[in-house]
Amino acid sequence: MSVNNFESAFVHNVYFWLKNPDSEDDKKAFVASLRKFLNASKYANTNFIGVPPAATRDVVDGSFTFSLLVSFTSAENQQKYQDEEAHLTFIEESAHLWSKVVVYDSTTV
């Protein structure tokens with residue numbers, strides 16, 4: 001987790017399904033690339049990389065391999081994050097590892 005305080009103006013939730021979710025090598029490569037990207041990002045305020053816990057309720061979808069939550073100070077900074085070199089490099093390095101990505105973006109009420 002980043003040392004910055006959580007910023008609730010814009011939250012970016014990303015869920016990744018790896019092609020080979022049981023491959024320790026693929027998981028390590030994915031996480032290393034993701035951390036390198038987040039450490040280099042000029043716009044991500046806070047971040048959290050997660051894995052699904054053991055589901056205890058029917059409403060919990062634990063089918064993904066990794067989740068990423070990133071907060072931004074504004075929607076504009078989130079767009080800059082999408083276009084920054086570090087993000088594009090992460091996609092180039094890691095896209096071959098995933099079979100599916102789902103994004104849920106939210107702004108504060």
Side-chain angles (χ1 to χ4, degrees):
M1 176 72 94
S2 174
V3 295
N4 296 332
N5 290 326
F6 182 79
E7 175 56 61
S8 63
F10 194 101
V11 177
H12 181 62
N13 294 278
V14 187
Y15 296 87
F16 299 90
W17 285 258
L18 296 190
K19 290 178 184 175
N20 301 302
D22 296 325
S23 168
E24 290 302 318
D25 288 341
D26 284 6
K27 290 191 283 190
K28 285 178 185 175
F30 178 81
V31 170
S33 181
L34 185 56
R35 287 193 175 159
K36 180 176 80 172
F37 154 48
L38 292 169
N39 287 336
S41 177
K42 298 173 188 161
Y43 304 101
N45 193 47
T46 57
N47 66 77
F48 172 83
I49 302 169
V51 295
T56 57
R57 300 180 323 257
D58 291 341
V59 297
V60 176
D61 177 359
S63 65
F64 60 93
T65 313
F66 289 102
S67 66
L68 170 65
L69 182 138
V70 183
S71 70
F72 300 92
T73 56
S74 67
E76 294 78 18
N77 277 350
Q78 194 274 341
Q79 185 56 55
K80 290 176 183 176
Y81 158 97
Q82 290 297 323
D83 298 331
E84 73 179 324
E85 185 176 332
H87 184 248
L88 300 175
T89 299
F90 163 69
I91 293 169
E92 184 178 307
E93 288 178 353
S94 299
H96 72 282
L97 296 172
W98 64 67
S99 60
K100 177 181 173 182
V101 177
V102 175
V103 176
Y104 297 99
D105 287 339
S106 303
T107 58
T108 192
V109 292

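Here, residue 1 is the first one in the sequence, and each next residue gets the next number.
For T89, there are no side-chain hydrogen bond (donor to acceptor under 3.5 Å, both in side chains) partners two or more places apart in sequence or in a different chain. Under the side chain to side chain contact (heavy atoms under 4.5 Å, CB included) criterion, T107 pairs with F10, not counting sequence neighbours. Legend: residues meeting side chain to side chain contact (heavy atoms under 4.5 Å, CB included) with E76, ordered by chain and number and at least two apart, are S74. With sequence neighbours excluded, the residues satisfying side-chain hydrogen bond (donor to acceptor under 3.5 Å, both in side chains) with E24 are K27. Among residues two or more places apart in sequence or in another chain, the side-chain hydrogen bond (donor to acceptor under 3.5 Å, both in side chains) test is passed with D22 by none. Residues forming a salt bridge (Lys or Arg N to Asp or Glu O under 4.0 Å) with K36 (at least two apart in sequence, or on another chain): E93.
In this structure, NZ on K42 lies 8.0 Å from CD on E85, to the nearest 0.5 angstrom. Separating the OG atom in S23 from the CG atom in L18 is a distance of 8.5 Å, to the nearest 0.5 Å. Between the CG atom of L68 and the CG atom of L34 there is a distance of 5.5 Å, given to the nearest 0.5 Å. Residue T65 holds its OG1 atom at 10.5 Å from CG of L97, rounded to the nearest 0.5 Å. Annotation: the span from Y104 atom OH to S67 atom OG amounts to 12.5 Å, rounded to 0.5 Å. The CG atom of L69 sits 6.5 Å away from atom OG1 of T46, with the distance rounded to the nearest 0.5 Å.
Contact annotation: the side chain of N45 never approaches that of V70 to less than 4.5 Å [non-hydrogen atoms, C-beta and beyond]. Residues F37 and E84 form a side-chain contact, since some pair of their non-hydrogen atoms from C-beta on lies under 4.5 Å apart.
Of all heavy-atom pairs between W98 and K19, the closest is O-CE, 3.3 Å. Closest non-hydrogen pair, S41 versus A86, comes out as N-CB, 4.5 Å.
Linking Ile, Leu, Val, Met, Phe, Trp and Tyr residues whenever their side-chain heavy atoms come within less than 4.5 Å leaves Y15 and F66 in two separate clusters. At a threshold of 4.5 Å between side-chain heavy atoms, the hydrophobic network of Ile, Leu, Val, Met, Phe, Trp and Tyr places Y43 and L88 in two separate groups. V102 and F90 sit in two unconnected hydrophobic clusters of ILVMFWY residues. Membership requires side-chain heavy atoms under 4.5 Å apart, directly or through other members. In the hydrophobic clustering of ILVMFWY residues, with side-chain heavy atoms under 4.5 Å counting as a link, I91 and I49 come out together.
Ring pair Y81/H12: centre-to-centre distance below 6.0 Å. Two rings, from W17 and F30, have their centers 6.0 Å or more apart. No close placement of the F64 and F16 rings is indicated, their centers lying 6.0 Å or farther apart.
A side-chain N or O of D61 and one of S63 form a donor-acceptor pair less than 3.5 Å apart.
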side-chain contact (heavy atoms from CB on, under 4.5 Å) assessment of V14 paired with V101: CA-CA 7 Å; V14 187; V101 177; 3.6 Å; yes
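A donor-acceptor pair under 3.5 Å is formed between the side chain of N39 and the backbone N or O of R35.
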